[in-house]
Number of protein chains: 2
Amino acid sequence: MTKTTSSIRSGAFKATRKTHSNESAEDYTELVADLIEANGEARTVEVARHLGISHVTALRTIRRLQNEGFFETAKHKPIYLTAKGKKLAAYCKERHQTILQFLNLIGVPEKVAEVDAEGVEHHISKETLRALKEHISKFAE
Amino acid sequence: MTKTTSSIRSGAFKATRKTHSNESAEDYTELVADLIEANGEARTVEVARHLGISHVTALRTIRRLQNEGFFETAKHKPIYLTAKGKKLAAYCKERHQTILQFLNLIGVPEKVAEVDAEGVEHHISKETLRALKEHISKFAE
DNA sequence: TCAGAAATGTAGCATGTGCTACATTTACTG
DNA sequence: CAGTAAATGTAGCACATGCTACATTTCTGA
């Protein structure tokens, strides 16, 4: 019994780590989409302000995400979303709303729900999202 | 309207980042508890195997968590949990079970549920956990 | 128009987490 | 009890993300 009775589920941990590396893409694209909708454009300082980080960190990450094809931007210019970025932002926004709806449904206070949704959303698979939606509809009857 | 119509909710992002820094403590203590329960002791290589990472990475993190008061260990010796570590592990284990129960309840396939639970659990507040439990009981009637 | 404010950019540092390669220590087995 | 396998440890690298300090560019208003 050297193999341990608890099964080795390194797969789940690996999956979580992989998801982590996408979190910034999800947060940034969604935020940039919001800023564009609200202001017509998204600027680095605004992104930094909303995320509560320094403008330098925001700048560096925006550049990385630009290289990865989520943003289009140029020196001293605003940030725009590519098609890829828009798609991701739309998906994230909808997922975020669904999670908030669900947390609201089960009676989680609004402020707590906002924080939890922010942390949790990156780790919700399409299957779970679908299940959540169905579950919500049952109650909306 | 330079302030942006969308409210600035940097608080939620900050909270998520803070939670992130505790994720390894949660994963490691829970895993070490499982290993001790199964094998009588926890060794670095086993931790590494279960997490799907190299033993070097596991070693370094275990050391950090030892400095932070979660583990007791010594060179070439097994890893044990401090009272602080045991408390955290127990809380995490129960939370994990609750989340799995909930995902099962709404019909998420087992394998997907395992991955989602692993990713999500670190971001579930006490309030949401309580709400989840109450929600589950309603259905268990 | 031009000076100061705001935004952007660069340099350089820290921490956490991932890796491989290699060294040493411990444990097992013939 | 010696030799090898397994476990542990060290050195040194990478990347993502956080920071401050300082430089440069752009915008804005008197």
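In the text below, chain A, chain B and the rest are named by the order of the sequence lines, each starting its count at 1. The basis for the numbers below is simple: all heavy atoms, side chains too, and nothing from hydrogens, waters or symmetry mates.
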Can you tell me if NZ on A/Lys84 sees more than 12 non-hydrogen neighbours from other groups inside 6.0 Å?
yes

Would you mind listing every ring pair (Phe, Tyr, Trp, His ring centres under 6.0 Å) that reaches into residues 74-99 of chain B, with sequence neighbours excluded?
none

Please state how far atom CD1 in A/Ile62 lies from atom P in D/dG18, giving the value in whole angstrom units.
12 Å

Is the phosphate of C/dT17, meaning OP1 or OP2, less than 4.0 Å from a side-chain N or O of B/Ser24?
yes

Provide the full list of ring pair (Phe, Tyr, Trp, His ring centres under 6.0 Å) pairs with a residue in residues 113-132 of chain A, sequence neighbours left out, each pair given once.
A/His20-A/His123, A/His123-B/His123

Rounded to whole angstrom units, what separation is found between the NZ atom of B/Lys14 and the P atom of D/dT17?
18 Å

Correct closest heavy-atom pair for B/Ala58 and B/Ala48 would be CB-CB, 3.9 Å

Hey, can you pull the residues of residues 73-82 of chain B with a non-hydrogen atom under 4.0 angstrom from DNA chain D?
B/Lys75, B/His76

Taking the minimum atom-to-atom distance to the side chain of B/Ser54, which one of D/dC19, C/dT20, D/dG9 wins?
C/dT20

Of the listed nucleotides (C/dG9, C/dG16, D/dA7), which one gets closest to any side-chain atom of B/Arg64?
C/dG16

Report which part of the nucleic acid A/Arg17 touches: base, sugar-phosphate, or nothing (heavy-atom distance under 4.0 Å, all strands).
sugar-phosphate

Check the phosphate of D/dA7 against B/Arg49, side-chain N and O only, distance under 4.0 Å to OP1 or OP2. Yes or no?
yes

Just how far, in rounded Å, is P of C/dT17 from CD of B/Glu23?
9 Å

Using a 4.0 Å heavy-atom cut-off, does A/Leu59 contact any base of the nucleic acid, only the sugar-phosphate backbone, or nothing at all?
base

At under 4.0 Å, does any side-chain N or O of B/Thr57 touch on OP1 or OP2 of C/dC19?
yes

Judged by each residue's nearest nucleotide on DNA chain D, which is more toward the 5′ side, A/Ala25 or A/Val56?
A/Ala25

A/Arg43 has its side chain closest, among D/dA7, C/dG12, C/dT8, to C/dT8

B/Phe13 has an atom CZ; how far is it from atom C1' of D/dT17, in whole Å?
15 Å

For the side chain of B/Arg60 and the base of D/dG9, is some donor closer than 3.5 Å to an acceptor across the two?
no

Cationic N near anionic O, under 4.0 Å, A/Lys111 to A/Glu114:
no

Roughly how many Å is it from CD in B/Glu46 to C1' in D/dT8, rounded to a whole number?
14 Å

Base, sugar-phosphate alone, or nothing: which one does A/Thr44 contact when heavy atoms must sit under 4.0 Å apart?
sugar-phosphate

Determine, for A/Lys133 against A/Glu94, whether the closest basic-nitrogen to carboxylate-oxygen distance falls under 4.0 angstrom.
yes

Rounded to whole angstroms, how far apart are CG on A/Leu65 and C1' on D/dT17?
12 Å

Is the base of C/dG9 touched by the side chain of A/Arg63 through a donor-acceptor pair closer than 3.5 angstrom?
no

Pairing donors with acceptors under 3.5 angstrom, does anything connect the side chains of B/Thr19 and B/Thr16?
no

